[in-house]
Amino acid sequence: MSETWKRRTKMVHSGSRRSQYNEVSEAIFLTQGFVYDTAEAAEARFIKAGDDEFIYARYGNPTVAMFEDRIAGLEGTEDGFATASGMAAVSGALTSMLRAGDHVVSARALFGSCLYVLEEVLTRFGVEVTFVDGTDIDQWRAAIRPDTRAVFFETVSNPTLDVVDIRAVADLAHASGATVIVDNVFATPVFSRAVEQGADVVIYSATKHIDGQGRALGGVILGTREFIRGTVEPYMKHTGGSMSPFTAWIMLKGLETIDLRVRAQAETALRIANELQGDARLARVIYPGHPSHAQHELVTAQMGQGGTVLALDLAGGQGAAFRFLNALDIVVISNNLGDAKSIATHPATTTHQRLPDAAKAQLGITPGLVRLSVGLEDPDDLIEDITRALDASG
Ligand SMILES: Cc1ncc(COP(=O)(O)O)c(C=O)c1O
């Protein structure tokens, strides 16, 4: 890979490895294992595998390695480890580096499964977790201690789209020697400059914008070579959360078009936000790229654009939200995001259903809140569909 390539070139070419056939499109090495010429060669590879040597697909595979190299090249990290899902990446990054007695500070506004890992799993193994309001830098300052091993946050939170100031939190964390781990799903690899802004480890659910066409689950952990190969890989390869070669191929193809897709989706999301602002049926229209967002200045500095997701809070509560969802024609009711197809989700009864009502209220997950992931359909058709469904919600 040429270090001078710009991002769109890296999205198409980084990490490519050609077989003896010199194929144009990346080959799918759909094999669990690899043959050794001799018993001595097998022994030597188990002692130390070279850069282009593989042992078993749970440890690594040429197609998976292409995906890891491409996304690492894009994000600007030394290395990456591809995982079976976004949650395998979140839990793998945290569990591989933490041990009983460690302290972690995390933003409270998280995707339900991320919250489960921090609140239920890590604490069960003796890790102490302090939750803070991720948008309040004073709470981070008060919570980070000399013994804090890691801080964790979604750079843009699911589903209320709070934005955390990566640079400010990273400065505090680094002063205590803590590792900054960010779940960067909503920022997308297109708008992310997380490493430049201070993140040490960047995580994506590749299920979202990287695939972008609703086909496969996947994830990736990005960081220094030492962290990925020394900490993450031993844990992942022995516990079994690796990405399959076929999934890696889908994700490689996704990366080729991600820039075009995500920019078009973000442009439509802004148009929808502009259209819906001030609509009396909506108590709130939350879109990080709109000037009305409480942290719009930070969004502009950190991401440049607002991303592909909006949150609409229907003034009529859950009844109105359900009538709105049921009246949508083009936008489908589902729970993925970043897809070519626009998707609407009711977080309070689905992705965040597990949370007690008080916790939902604290996070702003109101009964009327609908998360809208904007796809690649014609913007006029989407606006017509959404406004017609709003008419039916009253
Ligand atoms: C912010 C965030 N992190 C992680 C995940 C988990 O990703 P996956 O479904 O690929 O496991 C999601 C999924 O919705 C998410 O929104």
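Indexing begins at 1, ligand by ligand and atom by atom, following the structure's order. Excluded from the calculations below are hydrogen atoms, water molecules and symmetry mates; all remaining heavy atoms, backbone and side chain alike, are included.
- Judged by distance alone, the side chains of N335 and T350 never bring a donor and an acceptor atom under 3.5 Å apart.
- Taking 4.0 Å as the cut-off between side-chain N and carboxylate O, R145 and D147 count as a salt-bridged pair.
- Checking T349 against Q318 by side-chain atom types alone, no donor-acceptor pair falls below 3.5 Å.
- Side-chain contact check for N184 and S192: at least one donor-acceptor pair (N or O, by modelled atom type) lies under 3.5 Å.
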For ligand 1, list all ligand N or O to protein N or O distances below 3.5 Å, rounded to 0.1 Å.
residue	atom	partner	partner atom	Å
ligand 1	3 (N)	D183	OD2	2.6
ligand 1	7 (O)	S205	OG	3.1
ligand 1	9 (O)	K208	NZ	3.4
ligand 1	10 (O)	G86	N	2.8
ligand 1	10 (O)	S205	OG	2.7
ligand 1	10 (O)	T207	OG1	2.6
ligand 1	11 (O)	G86	N	3.0
ligand 1	11 (O)	M87	N	2.8
ligand 1	14 (O)	K208	NZ	3.0
ligand 1	16 (O)	N158	ND2	3.0

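- In this structure, a donor-acceptor pair under 3.5 Å is present between the side chains of R70 and S16.
- Under a 3.5 Å cut-off, the side chain of R108 and the backbone N or O of A359 do not form any donor-acceptor pair.
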